[in-house]
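Below is one structure, written out as structure tokens; the observations come after it.
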Amino acid sequence: MRKELAKTYDPQGIEDRIYKNWEEKKYFHAEVDRTRKPFTIVIPPPNITGQLHMGHALDNTMQDILIRFKRMQGYNTLWQPGTDHAAIATEVKVIDSLKKQGINKNDLGREGFLEKCWEWRAEYGSRIVNQLKKLGSSCDWDRERFTMDEGCSKAVQEVFIKMHKKGWIYKGSRIINWCPVCKTSISDAEVQYEEQAGHFWHIKYPLIEADGSVSRTRFLEFATTRPETMLGDTAVAVHPEDERYQDLIGQKVFLPFVDRQIPVVADEYVDREFGTGVVKITPAHDPNDFEVGKRHGLPEINILNDDATINENGGKFAGMDRYACRAQIVRELEEMGLLVGIEDHVHNVGTHDRCGTTVEPMIKPQWFVKMDELIKPAEEAVRNGDIKLIPKRMEKTYFNWTGGIRDWCISRQLWWGHRIPAYTCDKCGEITVADSMPETCPCCGHNSLTQDPDTLDTWFSSALWPFSTLGWPDKTEELDYFYPTDVLVTGYDIIFFWVIRMIFSGYEQMGEKPFHTVLFHGLVRDALGRKMSKSLNNGIDPLEIIRDFGADALRMTLITGNAPGNDMRFYNERVIANRNFGNKVWNASRFIMMNMKEGEEAGDVMPEGLNAEDKWILSRCNTVVREATENMEKYELGIAVQKVYDFIWDEFCDWYIEMVKPRLYQSDDEKTREAALWTLQTVLITSLKLLHPYMPFITEEIFTTIQSREETIMLSAWPVYREDFSFPHEEEGIGLVKEAVRAIRNVRAERNVAPSRKAKVIIVSEDPAVLDIFREDEIFFRTLAFASETVLAADKSAVPEGSVSAVLPQETIYIPLADLLDVAAETERLKKEEKRLLGELKRCEGMLSNERFLAKAPKAKVDQEKEKQARYQQQLEGVRRELDQLARM
RNA sequence: GGAAUCGUAGCUCAGCUGGGAUGAGCGUUCGCCUCACACGCGAGAGGUCACGGGUUCGAGCCCCGUCGGUUCCACCA
């Protein structure tokens, strides 16, 4: 064959070519096939606004590894791809781009604006998909879905109507989080708390005297961080058992500016210890106050417009911005002598996670999903292990949410999204929920109705993703066959947004979990451990990494070097190391191919006459197959590939290939050359397969070059452990040889012996079995340890004076390098060794004379200790003999 | 305020259900352009496993506490 390959592996060009081929051959495509077991993953749909970032790269690499692994294991694998319409994110982008053209959203009208959104999607929606392909993602692109395509929209409508009928979706006036910039409500999960330096304004309200006049002497003092909300105050609250204020409960205070008299109420919500123990109550603009208001039947006075300016309820402040009003009110309070003081105060302010605007709690009619019943099966599933979260600690986070869940506000005052299928009668106001506009109002028969202008939270549709993508609500073959899916791979940051909601939706709509395992990964941080963010401009572009080092190197970097679920730091040195590994594999393969004759491909049958080293590497490879597979079954992807990496580089390349070179270069025995070549190919191909899920491109490139029986590695069979490839005796033997070779190299390196200077090696062991092993593998001392000749002896009578030595557990190695022997230095070295061994022996003896250890430790442990003791004893004797001899020189 | 997580070699991190730290990559020192690879080969140096207690025959690993970093949740006006 003698294929010529480039000296270094250059992924550029190769990767695109390979991916194109995979796509054309439809290797990623899955069809329902009842004769095979399915394995399914649904992709976390990236936003159509998105650009591939490191988080996507990690997430999708993990999914691709699982899919490729299972595909090779023979499963009928479906990786279901798709994208998310990303309601608010997209709407913001489209508004922005319109603004640049001088177009206002409202001028376009709803239909016109939606048209622009669809245009935007057509232009950018496939961008991230193409980027996922660069990564090597083996998604079934023929089945690509979109959260707002016909099927998914139908699913959304179906769920809404069904749940509404059940009473689990309702419309109500609740306090919700309002974003004054996006002008929409947002759910609790979308509020991000941010520490801000603010102030505590200490304010006092005058009491109302018995005669109804405003007191000039008696006041009630409290503190607030948002003075402007006082315009909406409808009470002041104290703790019911607070002695200081007992007499005031039920009395009234005077609210300046709006000239309102408001009651002093008693409520346990108030913390007596905090501040003055008095709280102003603004039911319309604070969630806690809202609750208090409900308990005491207080009026709810909304003082804000949708853009957070003060409305007509704010009296003379109407029209002012909330912060301008705040400043104005403080000034005026001061003039009125009602401002007691100002304190600096750092507090957490809720902001909108999309735009960073400080949210305002407001009372608005909104649609909600009732959570108390819905959440039960979702909580139970994780509790009883029906759904496994990996790593397990994520369960605590999960329960943290299921425990204190509030109803989910699902309506958004946006246009881009699934419009709520609710129709209000223009005459009687009755709301009808239906799959299309009713002809007449079922309540009064009026024929004019208006659809609810709001759309649904973007997560409402993604919650249905695992089954809506498979065709639900239709009863499709796909749904029946691929659902429930198997694993969900995602970051822990969207447990609440998405994972929980998919789980309860799955149970509610399908009566079955959406997946049995959730595999979480951490955040990809920059080299300094900071979150990658636009504001810091410290993001690393995965596409640039792919361009410079290849997708394989990027994938390896993302998957290794950190524990499951932990955050990781990304830095280029690691990518380079992995790129180098790819090159290592490339060159090992190149070496093997250079030594293959035309058509000389390894068959399945193990040839006769394998050498010890052949059996050793096969046996080691076999072990790695077993272990790596086990790790992957447990989703320990990084550990699995690390083992393969170490095996390929250390054992296969650095030892086996070196051992086998003489047999390839100058063998007079064709049989032994063929045996070596067979082993080389077999181990390489097995390793490539183990590596393929992680480094799909380079493994495919080599695989298709080195063998011609199969057309792609991605559909080849995953290696399995084979009893006939297990050679424990040879593993031990080569282990001894490696140890001896290393010892000789060490001795020579320490003394700076030039590699060109060959020397005799004398190995002395009392154990004939050990000598047999060395006899068989004698050549390695010449090829790997610079030996001119190897002498094996049962005693050291043949060892010349002045040899340097290395004492090993089962043998002592002598190298006659008299001119290099420095008696003093050698003595010192051996003395050190003696001391070390004495220390070890002391430790062994200590343990073995410890009766409690003997009584309580497992027997295997005790035996192990005894063995060690014997070994150290032997070595110690060897060292002492050496010292004796040195002393005589 | 509650919770999670981390603190192991100069740096970034592995260390499985407790049994001697042969840890890995990068960096570093010494020697090698050895006909697969200098994106390489060989040989080293480098660690009181944050600190203090406890459980255990035995703890980097389990428990408690302290200090330091990160994150999530709640949000007290």
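So you know, we letter chains A, B, ... as the sequences are listed, proteins then strands, and number each from 1.
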Distance between P atoms of C64(B) and G2(B) (Å, rounded): 15 Å
In whole angstrom, what separates His521(A)'s NE2 from U5(B)'s C1'? 17 Å
Nearest-Å distance, CD1 (Ile495(A)) to P (A4(B))? 14 Å
Any strand: nucleotide that pairs with A38(B) via Watson-Crick or wobble, under 3.5 Å: none
Whole-Å distance, Leu808(A) CG to U22(B) C1', equals 14 Å
Please give the distance between the C1' atoms of G19(B) and C62(B) as a whole number of Å. 14 Å
For Asn578(A), the option from Thr557(A), Asn583(A), Asp552(A) that meets side chain to side chain donor-acceptor pair (under 3.5 Å): Thr557(A)
Using atom C1' of each nucleotide, how far apart are C63(B) and G1(B) to the nearest Å? 24 Å
Taking the C1' atom of each, how far is A21(B) from A74(B), in whole Å? 42 Å
Nearest heavy-atom approach of Asp242(A) to Arg244(A) is OD2-NH2, 2.8 Å
Reading nucleotides 24-43 of chain B 5' to 3', which nucleotides get B (base under 4.0 Å from a protein heavy atom), which S (sugar-phosphate only), which -? SBS---S-----BBSBSSSS
Taking atom C1' in both U8(B) and G47(B), what distance in whole Å separates the two? 7 Å
Just the rounded figure in Å: distance from C1' of G15(B) to CG of Asn631(A). 13 Å
Which nucleotide, in any strand shown, forms a Watson-Crick or G-U wobble pair with C13(B), with both distances under 3.5 Å? G23(B)
Can you tell me if Lys396(A) has over 12 outside heavy atoms packed within less than 6.0 Å of its NZ? no
With a 3.5 Å cut-off and sequence neighbours excluded, list the donor-acceptor pairs that the side chains of residues 626-633 of chain A form with protein atoms.
from	atom 1	to	atom 2	distance (Å)
Thr629(A)	OG1	Val625(A)	O	2.6
Thr629(A)	OG1	Trp718(A)	NE1	3.0
Asn631(A)	OD1	Lys643(A)	NZ	2.8
Asn631(A)	ND2	Glu636(A)	OE1	2.7
Glu633(A)	OE1	Lys70(A)	NZ	3.4
Glu633(A)	OE2	Gln73(A)	NE2	3.3

Measure the distance from CZ on Arg852(A) to P on U55(B) and round it to the nearest whole Å. 12 Å
Tell me whether the count of non-hydrogen atoms from other residues, nucleotides or ligands lying under 6.0 Å of NZ in Lys388(A) goes above 12. no
Grab the NZ-P distance between Lys392(A) and U17(B) for me, whole Å please. 13 Å
Tell me, which pairs form a side-chain hydrogen bond (donor to acceptor under 3.5 Å, both in side chains) where one or both residues lie in residues 340-350 of chain A, sequence neighbours left out? His199(A)-Asp344(A), His202(A)-Glu343(A)
Nearest non-hydrogen partners of Asn595(A) and Glu600(A), listed with the distance: O-OE1, 4.0 Å
So Thr282(A) and Met230(A), do their side chains get closer than 4.5 Å, heavy atoms only? no
Counting any heavy atom closer than 4.0 Å, what does Lys396(A) reach on the DNA or RNA strands: base, sugar-phosphate only, or nothing? sugar-phosphate
Measuring from atom CE of Met54(A) to atom CE of Met568(A), what distance do you get when rounded to the nearest 0.5 angstrom? 10.0 Å
Remember a base hit wins even if backbone is also touched, and classify Tyr872(A) as base, sugar-phosphate or nothing at under 4.0 Å, heavy atoms. base
Protein-nucleotide distance (Glu291(A), atom CD; A77(B), atom C1'), rounded to Å: 15 Å
Name the pairing partner of C72(B), where a pair is Watson-Crick or G-U wobble with both distances under 3.5 Å, or state none. G2(B)
Among the nucleotides A77(B), U5(B), G19(B), which one has an atom lying closest to any side-chain atom of Val270(A)? A77(B)
Give me the distance, rounded to whole Å, that separates C49(B) from G60(B) when you measure between the C1' atoms they each carry. 5 Å
Once each nucleotide of nucleotides 69-76 of chain B is scored for protein heavy atoms under 4.0 Å, what B/S/- sequence comes out, 5' to 3'? -SSSSBBB
For a quick check of understanding: with a heavy-atom distance under 4.0 Å over all strands, which category does Asn578(A) fall into, base, sugar-phosphate or nothing? nothing
Hunt down the Watson-Crick or G-U wobble partner of G65(B), both distances under 3.5 Å, from any strand shown, or write none. C51(B)
Please report the distance separating the C1' of U55(B) from the corresponding atom of G65(B), rounded so that it comes out in whole Å. 15 Å
Could you list the residues that satisfy ring-ring contact (aromatic ring centres under 6.0 Å, His included) with Tyr492(A), not counting sequence neighbours? none
Quantified in whole Å, what is the C1' atom distance between nucleotide U56(B) and nucleotide C73(B)? 37 Å
Suppose we screen for ring-ring contact (aromatic ring centres under 6.0 Å, His included). Which residues come up paired with Tyr9(A), at least two apart in sequence or across chains? Trp586(A)
Starting from P on A14(B), measure out to CD1 on Ile559(A) and report it in whole angstrom. 14 Å
